[in-house]
Amino acid sequence: MPQTTALLQQAASQCQARGVRFTPIRRKVLALIAQSGGGLKAYDLLDQLTTEHAAARPPTVYRALDFLIEQGLVHRIESQNAYVACACPEHAHGFQLLICRRCGHVEEIHLDEISDQLAARAERKGFRVERQTIELQGLCAVCQTERA
């Protein structure tokens, strides 16, 4: 929970510095995602959110998710249609996600040179990258140990 608290404080500071509103719903959605430890789907978020906010509906969740992604606080796991909290929202470059296929744990890494190389290659082809998602799927260290 201390990591979630620190992440929420950092998110609030970042939003304030950017002049955008970090509403209670946005805060709660980010907290739920951060506490999940892996990817969380929008309807799972909605189920958890309605325990405190009975009026919450799918558009409420999707608007909060869009905001959190736009602010760099959450990443979408494309292969799972799920969401994970950004481990370091102050990091401006691309990211890669390590996704354990057994336990669902998601870890964010930053190999800027890979992101930069891909963007440069795309640019040489006349393509402008707007978003880059790299997902690596396999087994985390814990699941590898359990399997042995």
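What you see below is based on every heavy atom in this structure, not just the backbone, and it leaves out hydrogens, waters and symmetry mates.
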For this session: Under the ring pair (Phe, Tyr, Trp, His ring centres under 6.0 Å) rule, what do Tyr83 and His75 come out as? Steps first, then yes or no, please.
Result: CA-CA 6 Å; Tyr83 303 86; His75 300 304; over 10 Å; no
Exercise. Are any of the side-chain nitrogens in Glu123 or Lys125 under 4.0 Å away from the carboxylate oxygens of its partner?
Worked result: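 Result for this pair is no, no salt bridge flagged.
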Exercise. Do other residues, nucleotides or ligands put more than 12 heavy atoms under 6.0 Å from Arg18 CZ?
Worked result: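 More than 12 within 6.0 Å, yes.
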Exercise. Under 6.0 Å from the CD atom of Gln137, do we count more than 12 heavy atoms belonging to anything else shown?
Worked result: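 Enclosed.
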Exercise. For Phe22, is the NZ or CZ atom of Arg27 found under 6.0 angstrom from the centre of its six-membered ring and inside 45 degrees of the ring axis?
Worked result: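 That pair does not qualify as a cation-pi contact.
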Exercise. Is there side-chain contact between Gln14 and Val20, with at least one heavy-atom pair below 4.5 Å?
Worked result: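 Sidechains of Val20 and Gln14: no contact.
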Exercise. Going by heavy atoms in the side chains, are Glu107 and Leu97 under 4.5 Å from each other?
Worked result: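 When only atoms from C-beta onward are counted, Leu97 and Glu107 do not touch, as no gap falls below 4.5 Å.
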Problem set entry | Common cluster, Ile77/Ile134, ILVMFWY with side-chain heavy-atom separation under 4.5 Å |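 In one cluster with Ile77: Ile134, no.
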Using a 3.5 Å distance criterion without hydrogens, assess whether the side chain of [X] forms a donor-acceptor pair with backbone atoms of [Y].
{"X": "Glu135", "Y": "Glu78", "answer": "yes"}
{"X": "Lys28", "Y": "Thr23", "answer": "no"}
{"X": "Arg26", "Y": "Phe67", "answer": "no"}
{"X": "Gln96", "Y": "Leu111", "answer": "yes"}

Exercise. Parallel, tilted or perpendicular: which describes the rings of Tyr43 and Tyr62, with under 30° parallel and over 60° perpendicular?
Worked result: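 Geometry flag for Tyr62 against Tyr43: perpendicular rings.
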For this session: Mind listing the closest non-hydrogen atom pair of Glu108 and Ala87 along with its distance?
Result: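 Looking at all heavy atoms of both residues, the closest pair is OE1-N, 2.7 Å.
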Problem set entry | Steps toward side-chain contact (heavy atoms from CB on, under 4.5 Å) verdict (Ser79, Ile99) | CA-CA 10 Å; Ser79 64; Ile99 304 166; 4.3 Å; yes
Exercise. Do you see a donor-acceptor pair shorter than 3.5 Å between the side chains of Gln132 and Ser115?
Worked result: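 Short answer, yes.
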Problem set entry | Intermediate values then yes/no, side-chain contact (heavy atoms from CB on, under 4.5 Å), Leu7 and Leu30 | CA-CA 9 Å; Leu7 182 70; Leu30 180 58; 4.3 Å; yes
